[in-house]
Colleague: 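Take a look at this one; I'll ask things after.
Nothing fancy with the numbering, it's 1 onward along the sequence.
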Amino acid sequence: MCGITGWVSFDRELRTEAATLDAMTETMACRGPDDRGVWAQGPAALGHRRLAIIDLPGGHQPMTADTADGTVALVYSGETYNFTELRRQLADRGHRFTTDSDTEVVLRGYLEWGDAVAERLNGMYAFAIWDGRRDRLVMIRDRMGIKPFYYHPTSDGVLFGSEPKAILANPLARARVTLDGLRELFTMIKTPQHAIWDGMFEVEPGTVVTVDRAGPRRRTYWQLETRPHTDDRETTVATVRTLLDDIVRRQLVADVPRCTLLSGGLDSSAMTAIAARQLGEHGEKVRSFAVDFVGQSENFVADQLRGTPDTPYVHDVAHASGTDHQDIVLDAQALADLDVRAKTIRARDLPMGFGDMDSSLYLLFRAIRDQSTVALSGESADEVFGGYQQFFDEEARRAATFPWLVRFGRDFGDDSDVLRTDLTEALDTPSYIADGYRTAVAGVQRLDGESDFEYGMRRICHLHLTRFVRILLDRKDRASMAVGLEVRVPFCDHRLVEYVYNTPWSLKSYDGREKTLLREATADVLPKSVYDRVKSPYPSTQDPKYAVALQDHAKDLLARPSHPVFDLVDRERLRRVAHSDAPISTQAGRRGLERALDLALWLDLYKPEISLARG
């Protein structure tokens with residue numbers, strides 16, 4: 001796992017731009033604390049920061065291969081889980097290796113198969129290859145978008161990086177956000193290619209972007225496709241388990257300490273239990289970590305989202321699987337700390353609006369990093385197997401919009417209420433969401449003879465797997481890599497995603513419960529308490545001291561009336577919430593406070609040019 005960046009300029013010699021390349025590369029230091037490297041030749045310059053996971057002494061980058069027709073140079077971030085098989089295939093074809101790293105396998109794979117190497121990789125990755133034989137840059141991102149990847153076309157080439165901050169470190173890129181960028185920021189719909197920053201784009205998941213003198217060209221090498229599912233229930237359950245066993249075994253490979261993230265829910269519990277069984281065969285124990293809040297276990301109050309606290313279930317799994325477990329317990333002061341909030345915004349490059357759930361995730365990862373370098377997560381199982389409440393909510397199912405927005409509006413309230421009225425009118429987010437929804441569902445293929453209900457559920461699954469999951473994957477990657485922790489996501493293995501996506505809803509939830517298919521596939525390793533537990537989202541603190549701390553921070557912000565945040569935020573609305581003597585609602589007013597504070601911190605950190613001109 002690493003941070004990559006680079007610059008291609010066909011009209012200049014980039015060996016003279018070492019200072020700029022260094023600046024771009026150093027923005028990725030948090031992603032790669034173990035090593036750094038830069039390479040420049042003619043119109044191409046590549047930068048790399050390394051987090052060493054496999055072949056600690058042999059994976060230095062940028063990695064190059066000299067050919068008779070020119071040099072091929074690679075910067076790579078991520079993990080290729082089938083690299084040993086690919087290495088054997090390439091060795092049989094005459095390739096000779098000087099390291100044991102998966103990076104060299106990807107480089108040699110490109111030399112053998114060109115950009116078609118992407119179709120052969122199983123893993124999470126974002127990498128760029130300068131092909132000096134053809135004077136072109138090739139950028140490739142994994143199928144599900146686990147690893148982030150951005151690029152910014154210029155007048156004579158392109159800038160790229162694992163994160164926007166690497167691109168923004170180059171003087172050719174402006175830190176500018178238009179109305180369209182703000183619409184994306186405030187809507188949670190994840191428009192493909194959209195990077196929020198003006199002039200910048202994401203390399204889409206499952207996509208190859210090639211840049212030469214003619215400009216950028218895109219090729220999709222993978223996307224969700226509709227196929228008939230012919231397996232019966234018993235075979236389907238068995239296939240899911242076989243896939244999970246193989247996936248977890250591959251993703252446990254590392255030359256550094258590894259662990260699991262354990263929430264006590266079905267997903268992380270099943271993954272942890274499988275990992276514990278596999279490592280137990282070799283006399284090893286799994287280390288597991290969970291987040292908790294001071295007083296939460298003792299004083300938990302059920303609400304419409306979370307019916308039970310996580311900790312008792314976490315401990316059931318840790319006991320049943322024999323893990324070496326640790327709870328990371330956080331207090332309200334740490335969660336509300338402005339320095340922590342600034343670090344989460346710096347990690348994301350944006351104020352994404354997850355509030356204390358962003359802060360707690362960052363603090364959890366920071367604590368884990370002191371003891372481990374790789375963590376396996378249950379992220380994405382809800383999108384793959386259908387675990388969210390909106391999959392079972394008739395209003396959300398029938399709504400002609402992104403189904404999670406129906407649930408968010410009902411359960412969390414609208415944190416955009418804190419924005420100025422004129423900005424809200426200019427954004428016109430309902431129209432933006434409606435346009436995005438129509439585009440998102442237009443490409444969902446329907447099977448011949450598929451019922452209206454099954455097709456409707458297929459659309460909902462497709463939306464979660466191509467839009468919502470990317471929001472959460474980006475959040476997890478940025479928070480973890482901000483502290484140099486690699487988080488792997490077994491449930492995003494494309495083989496599992498393809499198989500379960502095409503499993504009819506009648507099999508995904510054949511007993512009417514969420515994630516029945518996953519529950520039955522892993523029943524033998526789950527404690528009964530977890531097997532029977534109803535889905536509970538990532539935890540949020542219930543401590544009233546957290547809301548009081550937010551109010552205090554908001555009062556300090558209000559004492560700075562010239563702050564640019566008030567070009568976006570309604571000062572009087574913020575004042576009413578900040579000075580309210582009534583308890584701040586966990587779901588509504590608190591989120592408005594969080595949004596305003598995060599916007600202010602973002603403006604302080606990045607000083608972006610905000611263009612509200614209609615166009």
Side-chain angles (χ1 to χ4, degrees), residues 53-54 79-86 88 102 120-124 142-144 146 229-255 258-288 316-324 374-387 465 486-503 507-508 510 515-528 530-531:
I53 302 293
I54 293 172
E79 304 291 345
T80 297
Y81 301 123
N82 63 334
F83 79 97
T84 54
E85 296 99 311
L86 292 174
R88 285 195 295 268
D102 59 339
R120 297 173 182 265
L121 303 180
N122 177 304
M124 55 179 190
D142 66 67
R143 295 168 179 84
M144 292 295 291
I146 305 167
H229 184 86
T230 57
D231 291 345
D232 61 18
R233 180 191 300 180
E234 182 178 355
T235 304
T236 301
V237 170
T239 300
V240 167
R241 178 52 179 275
T242 298
L243 283 168
L244 285 173
D245 284 340
D246 180 67
I247 293 164
V248 171
R249 182 172 287 106
R250 290 176 182 275
Q251 298 199 19
L252 283 172
V253 174
D255 295 333
R258 59 221 191 282
C259 66
T260 67
L261 307 177
L262 179 58
S263 72
L266 174 62
D267 319 330
S268 66
S269 299
M271 179 266 300
T272 295
I274 291 173
R277 178 173 289 189
Q278 292 180 357
L279 290 183
E281 296 171 356
H282 304 285
E284 297 183 58
K285 293 183 72 171
V286 168
R287 300 201 71 179
S288 59
D316 284 351
V317 176
H319 176 73
S321 293
T323 74
D324 181 4
V374 172
L376 271 65
S377 166
E379 188 82 87
S380 307
D382 286 308
E383 289 82 4
V384 175
F385 289 94
L465 288 168
E486 172 174 297
V487 174
R488 300 176 178 180
V489 278
F491 290 105
C492 275
D493 186 290
H494 71 278
R495 298 168 299 163
L496 181 69
V497 172
E498 290 172 349
Y499 185 79
V500 178
Y501 171 68
N502 282 301
T503 300
L507 281 178
K508 285 192 182 83
Y510 57 77
K515 295 180 286 193
T516 302
L517 193 52
L518 176 60
R519 181 177 287 105
E520 293 308 312
T522 58
D524 62 309
V525 295
L526 294 173
K528 188 175 188 305
V530 174
Y531 178 90

Colleague: Got a donor-acceptor contact below 3.5 angstrom from the Glu79 side chain to the Gly123 backbone?
Modeller: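 Judged by distance alone, no pair lies under 3.5 Å.
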Colleague: So, does Asp232 use its side chain to make a donor-acceptor pair with the main chain of Thr235 at under 3.5 Å?
Modeller: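 Yes, Asp232 side chain to Thr235 backbone: donor-acceptor pair under 3.5 Å.
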Colleague: Is any side-chain N of the basic residue among Lys285 and Asp324 closer than 4.0 Å to the acidic one's carboxylate O?
Modeller: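 Looking at Asp324 together with Lys285, the answer is no, because their closest N to O distance does not fall below 4.0 Å.
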Colleague: Regarding Tyr531 and Glu520, is there a side-chain donor-to-acceptor distance under 3.5 Å anywhere?
Modeller: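 Glu520 and Tyr531 do have a side-chain donor-acceptor pair below 3.5 Å.
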Colleague: Please confirm whether the backbone N or O of Leu376 pairs with a side-chain atom of Arg488, one donor and one acceptor, at under 3.5 Å?
Modeller: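 No; judged by distance alone, with no hydrogens or angles, the pair does not exist.
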Colleague: If you look at every heavy atom in Asp267 and Gly378, which pair is closest and at what distance?
Modeller: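 That would be CB-O, 3.6 Å.
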Colleague: Could you tell me whether Asp493 and Arg250 have a side-chain N and a carboxylate O separated by less than 4.0 Å?
Modeller: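 Salt bridge flag = no for Arg250 with Asp493.
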Colleague: List the steps, then state whether side chain to side chain contact (heavy atoms under 4.5 Å, CB included) holds for Leu121 with Leu86.
Modeller: CA-CA 8 Å; Leu121 303 180; Leu86 292 174; 3.6 Å; yes
Colleague: Out of curiosity, Phe385 CZ to Thr516 OG1, how far, rounded to the nearest 0.5 Å?
Modeller: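 Interatomic distance, Phe385 CZ to Thr516 OG1, rounded to 0.5 Å: 11.0 Å.
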Colleague: Tell me, do Leu518 and Lys508 make a side-chain contact under 4.5 Å, heavy atoms counted?
Modeller: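 No, side chains not in contact.
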Colleague: Is there a donor-acceptor pair closer than 3.5 Å between any side-chain N or O of Thr522 and the backbone N or O of Ala270?
Modeller: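 Checked: no pair found.
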Colleague: Once rounded to the nearest 0.5 Å, what's the spacing between atom CG of Leu517 and atom OG1 of Thr503?
Modeller: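 If I round to the nearest 0.5 Å, the distance is 6.0 Å.
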Colleague: Does a salt bridge link Asp245 with Arg241, judged by any charged N lying under 4.0 Å from a carboxylate O?
Modeller: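 The answer is yes: the pair qualifies as a salt bridge.
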Colleague: So, taking the atom named OG1 in Thr272 and the one named CG in Leu261, what distance separates them when rounded to the nearest 0.5 Å?
Modeller: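 CG of Leu261 is found 8.0 Å from OG1 of Thr272.
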Colleague: Given salt bridge (charged side-chain N to carboxylate O under 4.0 Å, His left out), test Asp316 with Lys528 step by step and report yes or no.
Modeller: CA-CA 9 Å; Asp316 284 351; Lys528 188 175 188 305; over 6 Å; no
Colleague: Quick check: does any side chain N or O of Ser263 sit under 3.5 Å from a backbone N or O of Gly265, one acting as donor and the other as acceptor?
Modeller: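 Checking the backbone N and O of Gly265 against the side chain of Ser263, a donor-acceptor pair under 3.5 Å is found.
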Colleague: I need the minimum non-hydrogen distance between Ser377 and Pro490, along with the two atoms involved.
Modeller: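 Shortest heavy-atom contact: O-CD, 3.2 Å.
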Colleague: Taking Glu284 first and then Arg258, would you say they form a salt bridge - that is, a charged N and a carboxylate O separated by under 4.0 Å?
Modeller: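 Counted as a salt bridge, because a side-chain N and a carboxylate O are separated by less than 4.0 Å.
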Colleague: So how far is it from Arg120 CZ to Thr80 OG1, rounded to the nearest 0.5 Å?
Modeller: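 Output value for this atom pair is 13.5 Å.
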Colleague: Would you compute the distance between atom OG1 of Thr236 and atom CG of Asp231 and round it to the nearest 0.5 angstrom?
Modeller: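 Going from the OG1 atom of Thr236 to the CG atom of Asp231 covers 4.5 Å.
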Colleague: Verify the neighbour count for atom CD of Glu234: are there more than 12 heavy atoms of other residues, nucleotides or ligands below 6.0 Å?
Modeller: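 No.
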Colleague: Check Asn502 against His229 and note the closest heavy-atom contact, atom names and distance.
Modeller: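 Looking at all heavy atoms of both residues, the closest pair is O-CB, 3.0 Å.
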Colleague: So, Asp246 side chain and Thr242 main chain: donor-acceptor pair closer than 3.5 Å or not?
Modeller: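 It does not hold such a pair.
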Colleague: So do the side chains of Met124 and Glu486 get within less than 4.5 Å of each other, counting heavy atoms only?
Modeller: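 Met124 vs Glu486: side chains touch.
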Colleague: Between CD1 of Ile247 and CD1 of Ile274, what distance do you get to the nearest 0.5 Å?
Modeller: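 Separation between the atoms: 9.0 Å.
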Colleague: Hey, are the side chains of Tyr499 and Thr239 touching, using non-hydrogen atoms and a 4.5 Å cut-off?
Modeller: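 With C-beta onward as the side chain, the pair touches.
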Colleague: Do Cys259 and Val286 have side-chain heavy atoms sitting under 4.5 Å apart?
Modeller: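 In short, these two side chains do not touch, never coming nearer than 4.5 Å.
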Colleague: Charged N to carboxylate O below 4.0 Å: is that the case for Arg277 and Asp524?
Modeller: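 Salt bridge: yes.
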Colleague: Main chain of Ile146, side chain of Asp142: is a donor-acceptor contact present, judged purely on distance under 3.5 Å?
Modeller: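 Side chain of Asp142 to backbone of Ile146, a donor-acceptor pair under 3.5 Å: yes, one is there.
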Colleague: For the backbone of Thr323 and the side chain of Ser321, can you confirm whether one donor and one acceptor N or O come within less than 3.5 Å of each other?
Modeller: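 Flag not set: sc Ser321 to bb Thr323 has no pair under 3.5 Å.
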Colleague: Which residue is it: Val248, Val500, Val497, Leu496? I am looking for the one with a side chain to side chain contact (heavy atoms under 4.5 Å, CB included) to Leu243.
Modeller: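 Result: among Val248, Val500, Val497, Leu496, Leu496 is the only option passing the side chain to side chain contact (heavy atoms under 4.5 Å, CB included) with Leu243.
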Colleague: Under 4.5 Å between any side-chain heavy atoms of Leu244 and Phe491, yes or no?
Modeller: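 Yes; the side chains approach each other to less than 4.5 Å.
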